[in-house]
Chemist: 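Pasting in a structure now, in structure tokens, and then I'll have a few things to ask.
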2 protein chains.
Amino acid sequence: MARDNCSSADAAGRALSRSDDSGDLETRATEAHHESLRLWLRMLACTNLIETTIRQRLQARFGTTLPRFDLLSQLERAPNGLKMGELSRRMMVTGGNVTGIADALEAEGLVTRIADLTDRRASRVKLTAGGRRLFQRMAGEHEQWVIELFGGVDASGKQQLGGLLAQLKQHVGRSIG
Amino acid sequence: MARDNCSSADAAGRALSRSDDSGDLETRATEAHHESLRLWLRMLACTNLIETTIRQRLQARFGTTLPRFDLLSQLERAPNGLKMGELSRRMMVTGGNVTGIADALEAEGLVTRIADLTDRRASRVKLTAGGRRLFQRMAGEHEQWVIELFGGVDASGKQQLGGLLAQLKQHVGRSIG
DNA sequence: TCTAAATATTTTAAATGTCAAGTAAATTGA
DNA sequence: TCAATTTACTTGACATTTAAAATATTTAGA
């Protein structure tokens, strides 16, 4: 996964560390701007570290991948299956990608494609019994991994982090919407 | 990019929302556990949303990709170039990946590979003059994008978020180290 | 001095991801 | 009723990513 480790963030860090704390508005405005870059890089590094850890464990323990786990997770709570477009939306990836991941899971016998009764263009993807059982085992361990990885932040810290992320996400959504 | 949108997080959400608030220790412990999952999913969704936005803008504005931008960024602050292994460490990707990205940038004339004088196995990658100029233009816009995207969080919120992420990252590092 | 082990990078295969084009089907509106 | 437009999904090309293996070189130690 790429991370935009922009060097100007480092430059910002160096500028901040040697700032004479003069406090003039322009300096403070610049500091605030660079804070965004540093924050972004830290968030990216943190998310990637956790994600890489989870990917490696899924591969080692179950011989599967995170996108496949993700798709199974979406289907687990949809007893009647989901359409490809809906999977695309929930997984936040393009339709072509969902096609490929569903193909792989179908080949493994974990999901099945069912023609849509009302729209011959569409198909629904549904968990097989085996897929459901496997998913339940993976989900149990996955949950323990996440609990362990987030164990260094106490309850109030988690509340704060959740709130700040929600605030950030809302603003981002408005910026690009 | 996959996200481990585990359905047990949703189950946690539903359980939490209909909890009778009895407050017994087991219920509260379970709630705290599920909070980790929800937090992880929110963090993942938020990071991916920002990352996707930046990727799309880099492609639209400069016809380049985030990993290539990332590599250029690493080189911008290394006037003498960097070895492949060092790029791999800084970009947090495997060596094989760095080879491919460097190949692409070299083909575009943005970087050049130089044989290492002290180790014939090694080579150093260095920005060309054109690469440096292009990177500076991209970095300027990239910084503005990040500032805009993080504009919804005030200075104290950014400080808090940064601190919490640092705490989280430190714990994760210890968990997997 | 020489061999074994370690290191640096590349290559290969597989998986995931986007974008654009293609195909089939549904919807819209004249 | 029928043609144009839109929609659902697949396909193909390209880029990125990993893990493992291969190749070349350096280092360590007997």
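Per chain, numbering begins at 1; letters A, B, ... match sequence-line order. No experiment lies behind these values; they were computed from the predicted model shown.
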Chemist: Pair Glu108(A), Arg68(A) - check salt bridge (charged side-chain N to carboxylate O under 4.0 Å, His left out), show working.
Modeler: CA-CA 11 Å; Glu108(A) 290 178 343; Arg68(A) 293 183 200 184; 3.0 Å; yes
Chemist: Once you apply a heavy-atom cut-off of 4.0 Å, does Gly95(B) come out as touching a base, just sugar-phosphate, or nothing?
Modeler: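 Touches a base.
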Chemist: Can you check the Ile54(A) CD1 to dT18(D) P distance for me, whole Å?
Modeler: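 Rounded to the whole Å, the gap is 16 Å.
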Chemist: What is the distance, rounded to the nearest whole Å, between atom CZ of Arg89(A) and atom C1' of dA8(D)?
Modeler: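 Rounded to whole Å, this separation is 10 Å.
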Chemist: Look at all strands and tell whether Thr94(B) reaches a base, only sugar-phosphate, or nothing, counting heavy atoms closer than 4.0 Å.
Modeler: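 Base contact.
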Chemist: Rounded to whole angstrom units, what separation is found between the CG atom of Asp119(A) and the P atom of dA25(C)?
Modeler: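 So the CG-P distance, Asp119(A) to dA25(C), works out to 10 Å.
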Chemist: Using a distance-only criterion (donor-acceptor N/O pair, under 3.5 Å, no hydrogens), is the base of dT9(C) paired with the side chain of Arg121(B)?
Modeler: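 No.
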Chemist: Write down the distance between CD1 (Ile101(B)) and P (dA15(D)), rounded to a whole number of angstrom.
Modeler: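 Distance, rounded to whole Å: 12 Å.
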Chemist: Does Arg113(A) have a side-chain nitrogen or oxygen under 4.0 Å from the phosphate oxygens OP1 or OP2 of dT10(D)?
Modeler: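 It does, given that an N or O in the side chain of Arg113(A) lies less than 4.0 Å from OP1 or OP2 of dT10(D).
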Chemist: In whole angstrom, what separates Arg55(B)'s CZ from dT17(D)'s P?
Modeler: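 Value for this atom pair: 7 Å.
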Chemist: Within this structure, what is the CD-to-P distance between Gln59(B) and dG17(C), rounded to whole angstrom?
Modeler: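 It works out to 18 Å between those atoms.
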Chemist: Please determine whether a side-chain nitrogen or oxygen atom of Arg120(A) lies at a distance below 4.0 Å from atom OP1 or OP2 of dA26(C).
Modeler: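 Result: yes.
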Chemist: In this structure, how many angstroms lie between the P atom of dT18(D) and the CD atom of Gln56(A), rounded?
Modeler: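 That distance rounds to 9 Å.
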Chemist: Using a heavy-atom cut-off of 4.0 Å across all strands, would you classify Thr99(A) as base, sugar-phosphate, or nothing?
Modeler: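 If one applies the 4.0 Å heavy-atom cut-off, Thr99(A) turns out to touch a base.
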Chemist: For Asn97(A) and dT10(D), give me the distance from atom CG to atom P, rounded to whole Å.
Modeler: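 Distance, rounded to whole Å: 12 Å.
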Chemist: Base, sugar-phosphate alone, or nothing: which one does Ser88(B) contact when heavy atoms must sit under 4.0 Å apart?
Modeler: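 Nothing: the residue Ser88(B), judged by heavy atoms under 4.0 Å, touches no strand.
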Chemist: Do Arg113(B) and Asp103(B) meet the salt-bridge criterion of a basic N to acidic O distance under 4.0 Å?
Modeler: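 Looking at Asp103(B) and Arg113(B), the cut-off is met.
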Chemist: Flag the pair Ile50(B) / Val146(B) as yes when at least one side-chain heavy-atom distance between them is below 4.5 Å, and no otherwise.
Modeler: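 The answer is no, as the side chains (C-beta and beyond) never meet within the 4.5 Å cut-off.
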